[in-house]
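What follows is a set of notes on a single structure, which appears directly below.
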Amino acid sequence: MRYVAPKGTHDILPAGNDRKDWADDIEKWHWLESVFQDLCARYGYEEVRTPTFEATELFKRAVGEGTDIVNKEMYSFVTKGGDDITLRPEGTAPTLRAYVQNRVWIERPVAKLYYVASIFRYERQQKGRYRQHHQVGVEALGAQGPDIDAEVISLAMAFFRALGIPRLTLKLNSVGTVESRVRYVAALREFAEPLLPKMSADNQRRFAENALRMLDSKEERDQELLVDAPLLTDYLDDDSRTHFDKLRGYLDAFGVSYEIDPRLVRGFDYYTRTAFEIQSPDVGSQSALAGGGRYDRLIEDLGGPATPGIGFGLGIERTLIALQTAQVDVPSVSGPAAFLCPLGASARDACVTLLAQLRDSGVSADMDYTGRKLKVMLEQADRIRARNAVILGDSELAEGIAQVRNMTTKEQTPVPLKELAQALLM
RNA sequence: GAGGUUGUAGCUCAGUCGGUUAGAGCGUCGGCUUGUGGCGCCGAAGGUCGCGGGUUCGAGACCCGUCAUCCUCCCCA
């Protein structure tokens, strides 16, 4: 094959019976996105669309210089004009940049925004992890109470529920304020330093780069060594603790179940207080379907007024894989109201005009352009899930009628051409 | 970025010890006499065996490289 989609990217195509990858059917994407859009409307979130690329500096500043995303996963390039540009590796920073630039807070003291966007990360791909993937996400800006945290989290859970995804775990943690986290990291490092020689190479690296990540090492020995490590929870400031407790109270009241995970650490530097992740066992080794948290300093860091915020990003590909694994039925899309089946050249001419008239009248319609036999045209009508086949031959033409065949009931009735649009709209 | 797996028709796969012209099912197309679908029967098309090199009288098979894929890490959605 001469040209193939670049590594870690994939095509999404019209639905087909033998599509190699279930998740690459456009029908499934339309369905998932419409469920998300409806839900956002119900919760009062409005869509934003931002550029696919931004100034590299924006992501360095927002995501953090110490993170893997910034250090090794960004698609960055210098333009002909000399600008340093990066394809967005996450959805929050561009949304907040747009919020600050356009002074959205003036008309919306609490701005509740959502997006659907492609995300780019230069990584070794595997199932559920791609170099270009897609996320839906929301950001609620300008509200600092735990009630909005509960709303954002329950929106994500409601989305998965609406899709019918089973076996989900909501992991919840509070990472406190920036100040309390600094105190905690110092304590953690103090605890871990003497144990360092016994720890894995990965954890020795983490100790230097991002000590928090030592906590979720997959090495059993690392975990044993850290059993008695200080807990982030014990270093929370009073306000953060109250915030967390109230959030838990709201989730309990909503009937949203969750697990407290004091070791949940997420990959961006900007999180404060609430951090959460929604996990599924059905996507291979990629368990996170969605992740998010609160970022009370970020808008200020990006040059805006001191404004609290919380949001999440949710992976579309991973969600589709989880749907496939769980064998969830995706509602099938209905085809056109009519598929015209002309028999003979003069009928074909008549159908071309008829088709245009039907469409002008608001009837979704298509026709056979191949001049094949009726049997084959009916098979085609069936394949595209047309609700009716409209059969037009010389005898019908002479009488000014068409045979309208209901593809489900197989009932066939003659209808005058003038009344056809009317009949098909019902 | 590290280690490993697998690449044969549009899809899922078979292909023996290295041996003639590479197969099946599904799908597609055509037919089973005039203009009636989902089933059935008959038939056809469709393959640079991922790509490049090597070994050999002979390679889909063995070796090397490369690309893609999936898996385990790293990390993340």
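Each chain gets a letter, A, B and so on, in the order its sequence line appears, and its residues count up from 1.
The side-chain tip of A/R248 does not point at the ring of A/Y258 from less than 6.0 angstrom away and within 45° of straight on. The cationic group of A/R294 does not satisfy the cation-pi geometry with A/Y271, failing either the under 6.0 Å distance to the six-membered ring centre or the 45° limit from the ring axis.
Remark: the A/E396 side chain and the B/G35 base include a donor-acceptor N/O pair separated by less than 3.5 Å.
Nearest nucleotide to the side chain of A/R205, out of B/U36, B/G1, B/C75: B/C75. The side chain of A/V376 approaches B/G30 more closely than any other nucleotide in the set B/A68, B/C32, B/G30. Residue A/E379 places its side chain closer to B/G37 than to any other of B/G31, B/A77, B/G37. When distances are taken from the side chain of A/Q286 to each of B/C76, B/G35, B/G37, the shortest belongs to B/C76. Distance from the side chain of A/R405 is smallest to B/G37 among B/U69, B/G37, B/A77. For A/R213, the side-chain atoms get nearest to B/C75 when compared with the rest of B/C75, B/U72, B/A77.
Within the nucleic acid shown, A/I69 has no heavy atom closer than 4.0 Å to any nucleic acid atom. As judged by a 4.0 angstrom heavy-atom cut-off over every strand, A/E73 is placed among residues touching the sugar-phosphate backbone only. A/R206 comes within 4.0 angstrom of sugar-phosphate atoms only, judged by non-hydrogen atoms across all strands, and of no base. Among the heavy atoms of the strands lying under 4.0 Å from A/R372 are primed sugar atoms or P, OP1, OP2 only; no base atom is included. Among the protein residues, A/K373 comes within range of the sugar-phosphate backbone only, with heavy atoms under 4.0 Å from sugar or phosphate atoms but none that close to a base.
A donor-acceptor contact closer than 3.5 angstrom is absent between the side chains of A/E139 and A/Y99. Checked by atom type, the side-chain pair A/E123/A/Q125 shows no donor-acceptor distance below 3.5 Å.
For CZ of A/F207, the number of neighbouring non-hydrogen atoms (other residues, nucleotides, ligands) closer than 6.0 Å is greater than 12.
Residues A/G8 and A/I278 each lie close to RNA chain B; by heavy-atom proximity, the contact nearer the 5' end of the strand is made by A/G8. Along RNA chain B, the nucleotide closest to A/G128 and the one closest to A/P6 are compared, and the more 5′ of them pairs with A/P6.
Side-chain nitrogen and oxygen atoms of A/R383 include at least one within less than 4.0 Å of the OP1 or OP2 phosphate oxygen of B/C29. For B/U72, the OP1/OP2 oxygens have a side-chain nitrogen or oxygen of A/Q126 closer than 4.0 Å. Contact annotation: A/Q125 side-chain N/O to B/C70 OP1/OP2 distance is under 4.0 Å. Close to B/C70, at under 4.0 Å from its OP1 or OP2, lies no side-chain N or O of A/K127. Distances shorter than 4.0 Å separate none of the side-chain N or O atoms of A/Q403 from OP1 or OP2 on B/U36. Checking the phosphate oxygens (OP1, OP2) of B/C39, no side-chain nitrogen or oxygen of A/K375 falls inside 4.0 Å.
Between A/Y270 and A/A62, the shortest heavy-atom distance links the atoms CD2-O, 2.9 Å.
Across B/U6 and B/U69, the matching C1' atoms stand 7 Å from one another, rounded to whole Å. The gap from the C1' atom of B/C70 to that of B/G30 amounts to 39 Å, rounded to the nearest Å. For the C1' atoms, the distance from B/C64 to B/A22 is 25 Å, rounded to whole Å.
Atom C1' of nucleotide B/G31 and atom CG of A/L374 are separated by 16 Å, given to the nearest angstrom.
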